[in-house]
Amino acid sequence: MTMIGSRVLTFRSASGDSNVAIRIFSPERDKSGAWSCKYEIDWPDGKHEMAAWGTDSVQAIFVAYQMIGSELYTSDYHKAGQLFFEAPGQGYGFPVPNNIRDLLEGDDARYL
């Protein structure tokens, strides 16, 4: 499994800032022909690992990006306003499915 991309967000708390690393790995094809794209998010309370699935490698990557965006925007860290990428309130740079687009903020709301 090869990492193909990463992004580091910041979690700001009363005890200081900490990194929330996101890692995306190269898609892999299984025996049935389906593709999976694994990703990890290092939340302050522990690592979360998931895989997105698609009919080809492009779809698996796109779905992984949407899953990451969904996880970020529905997290307690986001809801508390303590999570950011480049600046608070500017978004994280990940798309989300249409049913939660109302949660997008900053640049994400304008461009994604």
Side-chain angles (χ1 to χ4, degrees):
M1 192 166 46
T2 303
M3 186 171 65
I4 60 171
S6 65
R7 172 163 289 167
V8 178
L9 306 182
T10 301
F11 170 65
R12 181 161 288 157
S13 68
S15 60
D17 291 354
S18 58
N19 290 338
V20 176
I22 300 165
R23 287 177 294 284
I24 304 161
F25 298 93
S26 59
E28 297 179 344
R29 192 172 193 174
D30 73 4
K31 292 177 184 177
S32 73
W35 288 82
S36 68
C37 180
K38 295 179 183 177
Y39 71 87
E40 301 172 344
I41 302 178
D42 287 338
W43 292 109
D45 61 352
K47 183 188 297 186
H48 184 243
E49 300 177 47
M50 287 290 294
W53 290 85
T55 57
D56 62 19
S57 58
V58 172
Q59 185 180 39
I61 292 169
F62 181 74
V63 172
Y65 273 52
Q66 286 188 321
M67 289 173 67
I68 293 166
S70 298
E71 191 168 340
L72 296 174
Y73 273 104
T74 60
S75 72
D76 290 338
Y77 303 104
H78 169 76
K79 291 174 187 172
Q82 296 173 292
L83 186 65
F84 64 93
F85 177 41
E86 293 178 327
Q90 292 303 305
Y92 310 113
F94 288 95
V96 297
N98 289 338
N99 63 332
I100 62 169
R101 287 192 55 79
D102 59 310
L103 299 178
L104 295 177
E105 61 183 26
D107 290 339
D108 290 353
R110 281 190 285 284
Y111 303 119
L112 295 179

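Hydrogens, waters and symmetry mates play no part in the numbers below; they use all other heavy atoms, side chains included.
Atom-to-atom distance recorded for Leu9:CG and Asn19:CG is 9.0 Å, nearest 0.5 angstrom. In this structure, the separation between OG1 on Thr74 and NZ on Lys79 is 6.0 Å, given to the nearest 0.5 Å. Of the inter-residue distances, the one linking Phe11 atom CZ with Ser18 atom OG reads 6.0 Å to the nearest 0.5 angstrom. How far CD of Glu71 is from CD of Gln66: 14.0 Å, rounded to the nearest 0.5 Å.
Residue pairs satisfying the salt bridge (charged side-chain N to carboxylate O under 4.0 Å, His left out) criterion with at least one member in residues 23-35, sequence neighbours excluded, are listed as follows: Arg23-Glu40, Arg23-Asp42.
Listed here is the closest heavy atom pair of Ala52 and Ala60: CB-O, 3.6 Å. For the pair Cys37 and Ala64, the tightest heavy-atom approach, listed with the atom from each and the gap, is SG-CB, 3.9 Å. Between Asp108 and Tyr73, the closest heavy-atom pair is OD2-OH, 2.6 Å.
Hydrophobic clustering keeps Ile68 apart from Phe25 (ILVMFWY residues linked when any side-chain heavy atoms are closer than 4.5 Å, directly or through intermediates). Ile61 is connected to Met67 through a chain of hydrophobic side-chain contacts under 4.5 Å among Ile, Leu, Val, Met, Phe, Trp and Tyr, so both are in one cluster. Connection of Trp53 to Ile41 is not established within any shared hydrophobic cluster, with ILVMFWY side chains joined at heavy-atom distances below 4.5 Å, either directly or through further cluster members. Residues Ile4 and Tyr39 fall within the same hydrophobic cluster, defined by Ile, Leu, Val, Met, Phe, Trp and Tyr side chains chained together at heavy-atom separations under 4.5 Å. Linking ILVMFWY side-chain heavy atoms closer than 4.5 Å, directly or via other members, places Met50 and Leu72 in a single hydrophobic cluster.
Partners of Asp45 by side-chain contact (heavy atoms from CB on, under 4.5 Å), not counting sequence neighbours, listed by chain and number: Trp43, Tyr77.
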Distance-only donor-acceptor hits, side chain of residues 81-99, under 3.5 Å, sequence neighbours excluded:
residue, atom, partner, partner atom, Å
Gln82, NE2, Arg12, O, 3.3
Tyr92, OH, His78, ND1, 2.7
Tyr92, OH, Leu83, O, 3.3

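Counting non-hydrogen atoms of other residues, nucleotides and ligands closer than 6.0 Å to CZ of Phe62 gives a total of 12 or fewer.
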